[in-house]
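What's counted below: heavy atoms across the whole structure, side chains too, no hydrogens, waters or symmetry copies. Since this is a predicted model, take the numbers as computed values, not measurements. Lettering of chains follows the sequences in order, A, B, ..., and the numbering in each one begins at 1.
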Protein chains: 2
Amino acid sequence: MAQLPSTHRPNLLDQLSPREREILPLVAQGKDNREIGRILFISEKTAKNYVTSIRKKLGLKNRTQIALFALKEGIINLDDTLVN
Amino acid sequence: MAQLPSTHRPNLLDQLSPREREILPLVAQGKDNREIGRILFISEKTAKNYVTSIRKKLGLKNRTQIALFALKEGIINLDDTLVN
DNA sequence: GCCTTTTTGTTCATATCATGTACCAGAAGA
DNA sequence: TCTTCTGGTACATGATATGAACAAAAAGGC
């Protein structure tokens, strides 16, 4: 069966702040902290803090897992990643 | 349209050694080098080197991009990742 | 077939850079 | 007041760049 934006638990995404929801797809697309900083006009350190916060709220171990999560949730699409 | 194991270029995957093809899905599932080492009974350092080699051969910047690539190629499936 | 050379694959190491962890704190706004 | 956004310090862990030893396989000439 197809994977739907997995019909939500308590809804993890609602725990994220607006800014965190902006950061999430960028991490999930494989961008590093410096790139994220440049895109959003914030320092690399601030980007880093957001990523940590996102990871903790979602209960994930690293950025790759953030990407897998975002794909499962339908937050990003493989076609948007320009990888490959 | 559905995503097919994108009908291949010169075929990047053929450039990978057998061992590298074993490492690839583990990276793509969000496992770190220590976990990969434990799974394959090699040192963390060796796992690390394989990941670097894979990344360079595929022309990618980091492990998150490796995961996105593996998903696009159909090497791994989101359902196998146990993330979330 | 036999010998040498080259290439490939697997393994581990050191050094440096990126990411993650654990905080803190000021500014702005609801 | 409380949350959010921002940037910071300090340290730990993970990832990347590079090198190198070793064995096996492949390639080629003799």
Practice task
Spell out, as yes or no, whether a donor-acceptor pair under 3.5 Å connects the side chain of Lys57(B) to the backbone of Leu12(B).
Solution key: no

Practice task
Write down the distance between CD1 (Ile36(B)) and C1' (dT11(C)), rounded to a whole number of angstrom.
Solution key: 16 Å

Practice task
Would you kindly give the CG-to-C1' distance between Leu60(A) and dG20(C), to the nearest whole Å?
Solution key: 13 Å

Handout entry: Ion pair check, Glu35(B) and Arg38(B), cut-off under 4.0 Å
Key = no

Practice task
Verify the contact: side-chain N or O of Ser17(B) to OP1 or OP2 of dT10(C), cut-off strictly under 4.0 Å; return yes or no.
Solution key: yes

Exercise for the section: Might you confirm whether atom NZ of Lys61(A) has over 12 heavy atoms from other residues, nucleotides or ligands at distances under 6.0 Å? Expected result: no

Practice task
Indicate, with a heavy-atom threshold strictly under 4.0 Å, whether Lys61(B) touches base, sugar-phosphate, or nothing.
Solution key: sugar-phosphate

Exercise for the section: Using only side-chain N and O atoms of Lys45(A), determine if any of them is under 4.0 Å from OP1 or OP2 of dT9(D). Expected result: yes

Exercise for the section: Send over the distance from Gln15(B) CD to dG9(C) P, rounded to a whole Å. Expected result: 11 Å

Practice task
Tell me whether the OP1 or OP2 atom of dC12(C) has a side-chain N or O from Tyr50(B) closer than 4.0 Å.
Solution key: no

Practice task
Ignoring hydrogens and angles, tell me if any N or O in the side chain of Thr81(A) forms a donor-acceptor pair with the backbone of Asn77(A) under 3.5 Å.
Solution key: no

Exercise for the section: For dG7(D), take OP1 and OP2 only and decide whether either is under 4.0 Å from a side-chain N or O of Ser43(A). Expected result: yes

Problem - Between dT10(C) (P) and Ile54(B) (CD1): distance, integer Å - result: 11 Å

Exercise for the section: Nearest whole angstrom, please: distance from the P of dT4(D) to the CG of Asp14(A). Expected result: 12 Å

Handout entry: Donor-acceptor contact below 3.5 Å, side chain Arg63(B) vs main chain Ala28(B)
Key = no

Exercise for the section: Assign each of Lys48(B) and Thr52(A) to its nearest nucleotide of DNA chain C by heavy atoms, then name whichever residue's nucleotide is nearer the 5' end. Expected result: Lys48(B)

Exercise for the section: Please state whether the phosphate of dT19(C), meaning OP1 or OP2, lies under 4.0 angstrom from any side-chain nitrogen or oxygen of Asn33(A). Expected result: yes

Handout entry: Interatomic distance where CD belongs to Glu44(A) and C1' belongs to dT19(C) [whole Å]
Key = 9 Å

Completion exercise
Separation of dA17(D) atom P from Lys57(B) atom NZ, nearest Å, is 15 Å

Exercise for the section: Could you tell me whether the side chain of Asn49(A) has a donor or acceptor atom within less than 3.5 Å of a complementary atom in the base of dG8(D)? Expected result: yes

Handout entry: Any Arg34(A) side-chain nitrogen or oxygen under 4.0 Å from OP1 or OP2 of dC17(C)
Key = no

Completion exercise
Regarding the side chain of Ile42(B), the nearest nucleotide among dT11(C), dG7(D), dG20(C) is dT11(C)

Exercise for the section: Mind checking Thr46(A) for me? I need base, sugar-phosphate or nothing, with any heavy atom below 4.0 Å counting as a touch. Expected result: base

Handout entry: Distance in angstrom units between Ile23(A) CD1 and dT4(D) C1', rounded
Key = 13 Å

Exercise for the section: Examine dA17(D): is either OP1 or OP2 under 4.0 Å from a nitrogen or oxygen in the side chain of Arg55(B)? Give yes or no. Expected result: yes

